[in-house]
Visitor: 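One structure follows; several queries about it will come next.
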Protein chains: 2
Amino acid sequence: MSKCMALLSGLWTPELVWCLSNGARRFSELRRDNPTITAKVLTGRLRDLEARGVLERNVLATSPPSVEYALTSLGRELLPAITSIVEVGSRLLLRETPGKASGGVQPEQANTRAAPKRASQQSTDPDVQMG
Amino acid sequence: MSKCMALLSGLWTPELVWCLSNGARRFSELRRDNPTITAKVLTGRLRDLEARGVLERNVLATSPPSVEYALTSLGRELLPAITSIVEVGSRLLLRETPGKASGGVQPEQANTRAAPKRASQQSTDPDVQMG
DNA sequence: CAGTATCCTTGCGGATACTG
DNA sequence: CAGTATCCGCAAGGATACTG
């Protein structure tokens, strides 16, 4: 279970798979696609995904060496599942992040449970951590 | 993207969602379903999932107080996506973990594909880290 | 360009003890 | 039963510098 879900574990992993969904991309292209990722992490994620059989690494013998990464057939099979989760996730996020200033619905009322004292103050979404 | 995938972030999260897929379960039942989870982590995951709208918490007024957790309708919509990922994941794991070839999750179709290429070493699989 | 190597911080998750 | 409160270790990730 978790072992399977761990396929997409690690920060940036879903983004990278997504970036490759339209075709192969080079290392520097992936860096530009996600401007705040560090080279170290990018390398790590790409190695992980390669080891897991999600993508393939292809070294092109050009004058400045370039490397292309492309999803494998199994890797492409993950895309529908990812979009499904993103779809549900979007609805959830809309529901609980209505808007901060312009007349949004108060999110605290979404649950019919007399909150004892636990103030679920958690609007700040500093950094997501997929795994 | 990651924000949506973060719905299932955190260790044990996929398992918990899965445990609730057949109906509501109590706190101690979830503990028994996953014997090695600690109360702290279980509480944390349940609170997270509740805050994200994936499940609902229901306090039953019994003499020993009991609490039930159940997936919301949106939470249930995650199940097909999870099974999809697990399905692909199983095929990937079978491919790189020789020895357990008898149905963990329904394979549905044996993918007869020769080893794609030189197996990248680095079979480190100490601990999965979904979130 | 496509990475390695190194240091350092963060916080997740485990362990343990305690409570209404 | 259903949690909360603390302490702690460890590894994931960020920052930075360097290489073929």
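By convention in this document, chain letters (A, B, ...) are assigned in the order of the sequence lines, proteins followed by strands, and residues within each chain are numbered from 1.
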Visitor: Over how many whole Å does the gap from A/R45 atom CZ to C/dA2 atom C1' extend?
Guide: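 Distance check: A/R45 CZ to C/dA2 C1' gives 18 Å.
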Visitor: So, the side chain of A/R95 versus the backbone of A/S90: is there a donor-acceptor pair under 3.5 Å, distance only?
Guide: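 Checking the backbone N and O of A/S90 against the side chain of A/R95, no donor-acceptor pair under 3.5 Å is found.
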Visitor: In whole angstroms, how far is the P atom of D/dG3 from the CG atom of B/L60?
Guide: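 Rounded to whole Å, this separation is 11 Å.
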Visitor: Using the side-chain heavy atoms of A/T43, tell me which of these nucleotides is nearest: C/dC1, C/dG3, C/dA15.
Guide: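 It is C/dG3.
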Visitor: How many whole angstroms separate atom CG of A/D48 from atom P of C/dG3?
Guide: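 Distance, rounded to whole Å: 14 Å.
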Visitor: Using a 3.5 Å cut-off and no angle test, enumerate the donor-acceptor pairs between side-chain atoms of residues 36-44 of chain B and protein atoms at least two apart in sequence or in another chain.
Guide:
unit_1 : atom_1 : unit_2 : atom_2 : d
B/T38  : OG1    : B/V41  : N      : 3.4
B/T43  : OG1    : B/A39  : O      : 2.7

Visitor: Rounded to whole angstroms, how far apart are CG on B/L42 and P on C/dG14?
Guide: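 That distance rounds to 11 Å.
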Visitor: Side chains of A/V17 and A/L79: closer than 4.5 Å at any heavy-atom pair?
Guide: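 Side-chain contact under 4.5 Å: yes.
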Visitor: Looking at CG of B/L49 and CG of B/L55, how far apart are the two atoms once the value is rounded to the nearest 0.5 Å?
Guide: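 Taking CG in B/L49 and CG in B/L55, the distance rounds to 5.0 Å.
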Visitor: To the nearest Å, give me how far apart CD1 (B/I37) and P (C/dC12) are.
Guide: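 Nearest whole value for this atom pair: 15 Å.
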Visitor: First locate atom CE of A/M5, then atom CD1 of B/I85, and finally report the distance between them rounded to the nearest 0.5 Å.
Guide: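 Here the interatomic distance stands at 4.5 Å.
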Visitor: Looking at D/dA2, I'd like to know if its phosphate oxygens (OP1 or OP2) sit under 4.0 Å from a side-chain N or O belonging to B/R57.
Guide: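 So the side chain of B/R57 is outside the cut-off, no N or O lying under 4.0 Å from OP1 or OP2 of D/dA2.
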Visitor: How close do B/L74 and A/V88 get, counting heavy atoms only, and between which atoms?
Guide: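 Result for this residue pair: O-CG1, 3.5 Å.
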Visitor: Compare the minimum distances between each of C/dC1, C/dG14, D/dG3 and the side chain of B/V67, then state the nucleotide with the smallest one.
Guide: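 When the side chain of B/V67 is considered, D/dG3 is the closest of C/dC1, C/dG14, D/dG3.
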Visitor: Under 4.0 Å between a side-chain N or O of B/R47 and OP1 or OP2 of D/dA2?
Guide: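 No, outside the criterion.
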Visitor: Nearest 0.5 angstrom please: B/C4 SG to A/I82 CD1, how far?
Guide: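 Here the interatomic distance stands at 11.5 Å.
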Visitor: Would you mind reading off the distance between A/N34 atom CG and D/dG14 atom C1', rounded to a whole angstrom?
Guide: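 It is 15 Å, rounded to the nearest whole Å.
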Visitor: Nearest whole angstrom, please: distance from the C1' of C/dT6 to the NZ of A/K40.
Guide: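 In whole Å, C/dT6 C1' lies 9 Å from A/K40 NZ.
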Visitor: Can you tell me which residue pairs pass the side chain to side chain donor-acceptor pair (under 3.5 Å) test with a partner in residues 14-28 of chain B, sequence neighbours excluded?
Guide: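 Listed by first then second residue: A/S2-B/E15, B/R25-B/D33.
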Visitor: Please list residues of residues 20-29 of chain A whose heavy atoms come under 4.0 Å from any atom in DNA chain D, ordered by number; otherwise none.
Guide: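 Nothing qualifies; none.
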Visitor: Please report the distance, rounded to the nearest Å, between CD in A/E68 and C1' in C/dG3.
Guide: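 Interatomic distance, CD of A/E68 to C1' of C/dG3: 17 Å.
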Visitor: What's the closest nucleotide to the side chain of A/P65 if the choices are C/dG13, D/dG20, D/dG14?
Guide: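 The closest nucleotide is D/dG20.
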Visitor: Can you see if the side chain of A/R32 gets near the phosphate of C/dA2 - specifically, an N or O under 4.0 Å from OP1 or OP2?
Guide: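 So the side-chain polar atoms of A/R32 never come under 4.0 Å of the phosphate oxygens OP1 or OP2 of C/dA2.
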Visitor: Can you figure out which of D/dC1, C/dC1, C/dG3 approaches the side chain of A/A39 most closely?
Guide: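 When the side chain of A/A39 is considered, C/dG3 is the closest of D/dC1, C/dC1, C/dG3.
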Visitor: Quick check: closest heavy atoms across A/C19 and A/L30, and the distance to 0.1 Å?
Guide: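 In this case the closest contact between A/C19 and A/L30 is CB-CD2, 3.8 Å.
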Visitor: C/dA15, D/dG13, C/dA2: which one has an atom nearest the side-chain heavy atoms of A/S66?
Guide: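 Taking heavy atoms from C-beta onward, the closest nucleotide is C/dA2.
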Visitor: Could you tell me, to 10°, how much the axis swings from one end of the helix from C/dC1-D/dG20 to C/dG20-D/dC1 to the other, five pairs per end?
Guide: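 Roughly 50°, once rounded to the nearest ten degrees.
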Visitor: Can you tell me if the side-chain N/O atoms of B/R31 get under 4.0 Å from OP1 or OP2 in D/dC1?
Guide: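 No, B/R31 has no side-chain N/O under 4.0 Å of OP1/OP2 on D/dC1.
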Visitor: Can you tell me which residue pairs pass the side chain to side chain donor-acceptor pair (under 3.5 Å) test with a partner in residues 64-79 of chain B, sequence neighbours excluded?
Guide: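 Checked against side chain to side chain donor-acceptor pair (under 3.5 Å) - neighbours excluded - the pairs reaching residues 64-79 of chain B are A/R91-B/E77, B/R57-B/Y69, B/T62-B/S66.
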